[in-house]
Structures are given as C-alpha cells and as structure tokens.
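Below is one structure, written out as structure tokens; comments come after it.
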Amino acid sequence: MGEWKLGPQGTSVFDRGLIQEETSVKDILVESGAYYEETALKNFKGNVLGYVTPWNNHGYDVAKTWGGKLNYVSPVWLQVLRKGPKQYELGGAHDIDAGWVRDVKKAGEAINNKVVPRVLFNKFTDKDFSQLLTYGEERAIATKLILHTVRKYKFNGIVQEVWSQLSAWVDDEYLVGLEKEICETLTASSYDSILVIPPARKETYDLFSRKHFETLAPVVTSFSLMTYDYSSVQRPGACAPLYWVKNAVQHICLDSAENVKEKRAQILLGLNLYGSDYTPNGGQPIVSHEYMGLLKHLKRHLTFDEHDVENFFEVKTSNGRHMVFYPMLFSINERLKLARELGTGISLWELGQG
C-alpha cells in the first residue's frame with residue numbers, strides 16, 4: 001500500500017495528480033491524512049463559510065488551521081428560548097469558547113474573517129412561534145436578546161436557521177417580517193446576518209422562492225443554501241447532483257436577474273463534507289473514518305456517475321451490502337468550478353467531517 005501520508009505536504013493535490021474521475025482506493029487511503037502546507041492563502045474569490053459543531057471536535061482544529069481561507073466560521077452553539085410571555089433567554093452559552101474564537105480570528109486576520117454562531121429556535125412550541133410572529137413586542141425582545149448576545153461575546157453577527165422550520169406552515173408575511181426585523185437590527189449595528197435557506201426540490205419547490213430572495217437580499221448579508229441531502233432512504237443516490245445544485249442557485253437568482261453579480265455573491269452554495277451509506281435496512285450519513293472503514297472492502301476503483309458528477313461504490317461486508325456515496329476531490333473541485341461560474345460563495349457542512 002505504501003506509507004500513509006500525514007500532515008502538511010510541499011505539493012498540492014493538483015501537483016500530485018489526485019483530481020481523478022475514478023479515484024483509486026490506494027490513493028484515498030494513502031493521501032487522506034495529508035494536506036498542502038499553504039493553509040493560510042485563500043484561492044477561492046467568493047466568501048467561504050465553515051460550520052463547526054460541538055459533536056465533531058476536529059472541526060475546531062480545522063477552523064484554526066485553515067482560518068485564512070474562511071471568511072466566516074459558524075460554531076453551532078446557540079438557541080433562543082422562550083420562557084413565557086415577553087420572556088426570552090439564550091440557550092447554549094456553555095458551549096461558547098472565547099479562546100477558540102480569538103484563535104480563529106487571529107488565523108484569519110489577513111482576510112478579516114468573522115465568527116458568526118448559528119442561532120436556532122428549535123425548542124419553540126407552536127404557541128411560542130405564534131406569539132413571536134404575531135406580536136411586535138415579542139419580536140423586539142427576542143431580537144434584542146440576539147443583539148445583546150453578539151455584543152457580549154464579541155461575535156461578528158449570526159447565522160439564523162428558522163426558515164426551513166417555519167416556511168411550510170407560516171404565512172410568508174409573518175416569516176419575512178421576523179427575518180427583516182432581526183437582520184435590520186443587526187445590520188444597523190454593523191453586524192452580519194446570514195440566513196440558512198432550503199434548496200428547491202419537487203416536493204418543496206417554493207419553500208424559498210425567487211420572490212423571497214429578492215425581498216430579503218437588501219437586508220440579509222448572505223444566504224447559506226443547503227444544497228445537499230438530495231437523496232434519501234426512499235430514493236438512494238448522490239448527496240448533491242451537480243445539475244441540481246446549479247438549478248437550486250438559478251431557481252432563486254436567474255442568470256438574467258438585475259444586479260446578478262452582487263446578488264449571486266450573497267449566495268453561499270452548500271457543500272457537504274459527509275457522505276451517505278445505504279444498506280437494505282435503510283441508510284445514514286457517514287463521516288470520513290466510517291467511509292475509510294467501508295472503503296477497505298473495495299478491491300477496485302470507485303465508480304464515477306457522469307450524470308450526478310459524484311463517486312460511489314458498492315461492497316459487501318460482514319453486516320451486509322453497502323452502497324456508499326462520498327465527496328471526492330474531483331467532485332468537490334467540480335462544485336467549486338460551478339460556484340465560480342455562477343459567481344456564488346461556498347458554505348461547508350461541516351468542518352472536520354471530511
């Protein structure tokens with residue numbers, strides 16, 4: 001097999017000839033622990049956002065090592081909690097690591113990178129949402145809490161993930177109103193506000209439409225577009241077919257749109273750094289060490305799907321058959337080319353998985 005490479009290398013994956021449609025198992029196993037030593041230089045012109053989660057600690061180190069390539073780092077820490085009428089509290093503050101925030105900013109000071117934690121409303125009941133969306137005073141108190149949190153912990157803004165949760169059952173005007181209030185409050189104090197948005201699919205075609213994008217683009221700093229999880233247990237396949245990723249961007253911002261360059265720059269095209277493992281019993285997301293465990297059972301090259309522009313392989317192990325999809329260097333490079341062609345940025349879910 002040859003010696004496994006680890007840590008910084010003097011040549012890039014391009015120089016080492018590793019960007020191949022049909023990657024060999026040997027190359028992946030030997031090279032997977034290695035990276036190009038030039039970790040501070042940013043080659044991609046658009047904005048890059050990287051998510052970090054407390055359940056994947058390696059991401060914290062990745063954010064520090066490659067801080068110079070990441071315009072935004074979003075630790076998945078915080079929730080807004082509603083405790084009663086006009087009473088809101090911050091959840092997740094125990095995860096905040098001020099030393100790590102300083103380290104990340106120091107690593108990316110050449111590009112003035114920003115730490116923007118994700119904020120969820122995931123513990124709200126239907127009644128909580130109803131009160132928040134209906135009453136201006138409730139919204140004002142929740143928004144002030146978010147602003148106070150950003151100031152207190154010296155963050156640069158937030159990533160808010162509430163649209164996917166609410167858009168299927170709340171009238172647009174209420175949801176847009178909530179987003180505008182939060183975004184305008186943050187922007188007025190020179191903080192960034194990034195909104196996570198769902199991609200267009202047949203079953204949820206207009207959960208986030210071109211009209212939503214046009215309405216919110218003037219007040220939102222960037223849109224984190226979740227162009228992954230295309231396939232499912234019911235429909236096994238590629239995580240993010242390239243044609244679908246392209247359509248998802250064009251769905252909200254046409255090539256012919258007014259000020260298309262500025263608007264496209266606000267979209268952060270989502271790249272998954274995890275894969276999927278489908279078995280006769282179902283399927284699940286997998287990260288790199290799980291992928292490598294399955295890969296060792298493969299005796300040939302990976303299969304390349306030209307239609308979806310993704311690699312996959314099928315193997316049989318002691319616990320049954322597996323159909324495995326995972327982003328390879330070639331497929332990631334094709335998506336970076338697409339982002340350059342469309343003029344978007346990139347969002348990575350999540351650092352440390354790949």
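The chain is numbered in sequence order, starting from 1. Bear in mind the structure is a predicted one, so any value in this text is a computation, not a measurement.
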* To do: Taking side chain to side chain donor-acceptor pair (under 3.5 Å) as the test, write out the residues that go with Trp77, two or more places apart.
  => Tyr60
* Asked: Taking atom CD of Gln87 as the centre, does the number of heavy atoms from other residues, nucleotides or ligands within less than 6.0 Å exceed 12?
  -> yes
* Check: Thr344 side chain, Arg264 main-chain N or O, donor-acceptor pair, under 3.5 Å -> no
* Partner set under ring-ring contact (aromatic ring centres under 6.0 Å, His included) for His322, not counting sequence neighbours -> none
* Count the heavy atoms belonging to other residues, nucleotides or ligands that lie under 6.0 Å from CD of Glu306, then report whether that count exceeds 12. => no
* To do: With the side chain counted from C-beta on, respond yes when Trp100 and Pro75 share a heavy-atom pair under 4.5 Å apart, and no when they do not.
  => yes
* Asked: Any donor-acceptor pair under 3.5 Å linking the side chain of Thr221 with the backbone of Ser193?
  -> yes
* State the CG-NZ distance between Asp128 and Lys83, to the nearest 0.5 angstrom. => 10.0 Å
* Provide the closest heavy-atom pair for Met292 versus Ile28 in the form atom of the first, atom of the second, distance. => CE-O, 3.9 Å
* To do: Look at the side chain of Tyr278 and the backbone N and O of Arg235, then say whether any donor-acceptor pair between them is shorter than 3.5 Å.
  => no
* To do: Measure up the Phe213 and Phe208 rings against each other and bin them: parallel (under 30°), tilted (30 to 60°), perpendicular (over 60°).
  => perpendicular
* Please examine the side chains of Leu269 and Leu271, heavy atoms only from C-beta on, and report whether any two atoms are closer than 4.5 Å. => yes
* Return yes when atom OH of Tyr88 has more than 12 non-hydrogen atoms of other residues, nucleotides or ligands closer than 6.0 Å, and no otherwise. => yes
* Sidechain N-carboxylate O distance under 4.0 Å for Lys106, Glu109 -> no
* Asked: In chain order, what residues pass the ring-ring contact (aromatic ring centres under 6.0 Å, His included) check against Tyr191, with sequence neighbours excluded?
  -> none
* **Joint cluster assignment, Leu242 & Leu342, ILVMFWY side-chain distance < 4.5 Å** => yes
* Asked: Hey, are Lys263 and Glu214 close enough for a salt bridge, meaning a charged N less than 4.0 Å from a carboxylate O?
  -> yes
* Asked: Listed by chain and number, what are the salt bridge (charged side-chain N to carboxylate O under 4.0 Å, His left out) partners of Glu290, not counting sequence neighbours?
  -> none
* Under 4.5 Å between side-chain heavy atoms, hopping through other hydrophobics if needed: is there a path connecting Ile332 to Val249? -> yes
* Asked: Got more than 12 heavy atoms from elsewhere within 6.0 Å of CZ, Arg340?
  -> yes
* Can you establish whether the number of heavy atoms outside Phe44 located under 6.0 Å from its atom CZ is more than 12? => yes
* Hey, could you give me the CG/OH distance between Leu295 and Tyr291, rounded to the nearest 0.5 Å? => 5.0 Å
* To do: Please confirm whether the backbone N or O of Leu207 pairs with a side-chain atom of Trp163, one donor and one acceptor, at under 3.5 Å?
  => yes
* Asked: Counting distance only, does the side-chain N/O of Ser130 pair as donor-acceptor with the main-chain N or O of Asp126 below 3.5 Å?
  -> no
* ILVMFWY cluster, Ile141 and Val119 together (side-chain gap under 4.5 Å) -> yes
* To do: State whether the number of non-hydrogen atoms from other residues, nucleotides or ligands found under 6.0 Å of Lys180 atom NZ is greater than 12.
  => no
* Using the ring of each side chain (for Trp, its six-membered ring), is Tyr243 parallel, tilted or perpendicular to His307, with breaks at 30° and 60°? -> tilted
* Structure fact -> Taking every heavy atom of Ala63 against every heavy atom of Val104, the minimum-distance pair comes out as CB-CG2, 4.1 Å
* Asked: If you look at every heavy atom in Phe325 and Cys239, which pair is closest and at what distance?
  -> CB-SG, 4.5 Å
* Structure fact -> Heavy atoms of Ser164 and Met226 approach each other most closely as OG-CE, 3.5 Å
* **Interatomic distance, Phe330 atom CZ to Glu21 atom CD [nearest 0.5 angstrom]** => 4.0 Å
* Asked: Same hydrophobic cluster for Tyr230 and Ile197, using side-chain heavy-atom links shorter than 4.5 Å among ILVMFWY?
  -> yes
* Parallel, tilted or perpendicular, as decided by the 30° and 60° cut-offs, for the rings of Trp55 and Trp349 -> tilted
* Do the non-hydrogen side-chain atoms of Leu90 and Tyr153 ever get within less than 4.5 Å of each other? -> yes
* To do: For Phe129, check ring-ring contact (aromatic ring centres under 6.0 Å, His included) against everything at least two apart and list the hits.
  => Phe124
* Asked: Given side chains that start at C-beta, do those of Gln160 and Val196 come closer than 4.5 Å, heavy atoms only?
  -> no
* **Side chains of Val101 and Lys154 in contact at under 4.5 Å (non-hydrogen atoms)** => no
* Asked: Are there more than 12 heavy atoms of other residues, nucleotides or ligands under 6.0 Å from atom CD of Glu341?
  -> yes
* **Check: Glu334 side chain, Val309 main-chain N or O, donor-acceptor pair, under 3.5 Å** => no
* Asked: Counting N and O atoms only, with roles assigned by atom type, does the side chain of Asn272 sit under 3.5 Å from a partner on the main chain of Pro327, one being a donor and the other an acceptor?
  -> no
* Quick one: closest heavy-atom pair of Ser288 and Tyr326, and the distance? => N-OH, 3.1 Å
* Asp192 side chain reached by Ser222 side chain, heavy atoms, under 4.5 Å -> no
* Asked: Within the side chain of Ser331, is there an N or O that forms a donor-acceptor pair under 3.5 Å with the backbone of Met328?
  -> yes
* Is any side-chain heavy atom of Leu120 closer than 4.5 Å to a side-chain heavy atom of Arg118? -> yes
* **Any donor-acceptor pair under 3.5 Å from Arg16 side chain to Thr11 backbone** => yes
* Asked: Val116, Val220: one ILVMFWY side-chain cluster at the under-4.5 Å cut-off?
  -> no
* **Side-chain heavy atoms of Ile146 within contact of Leu78, under 4.5 Å** => no
* Checking Trp244 side chain against Ala200 main chain: does a donor-acceptor pair fall under 3.5 Å? -> yes
* **With Gln9 via side chain to side chain donor-acceptor pair (under 3.5 Å) - residues at least two apart** => none
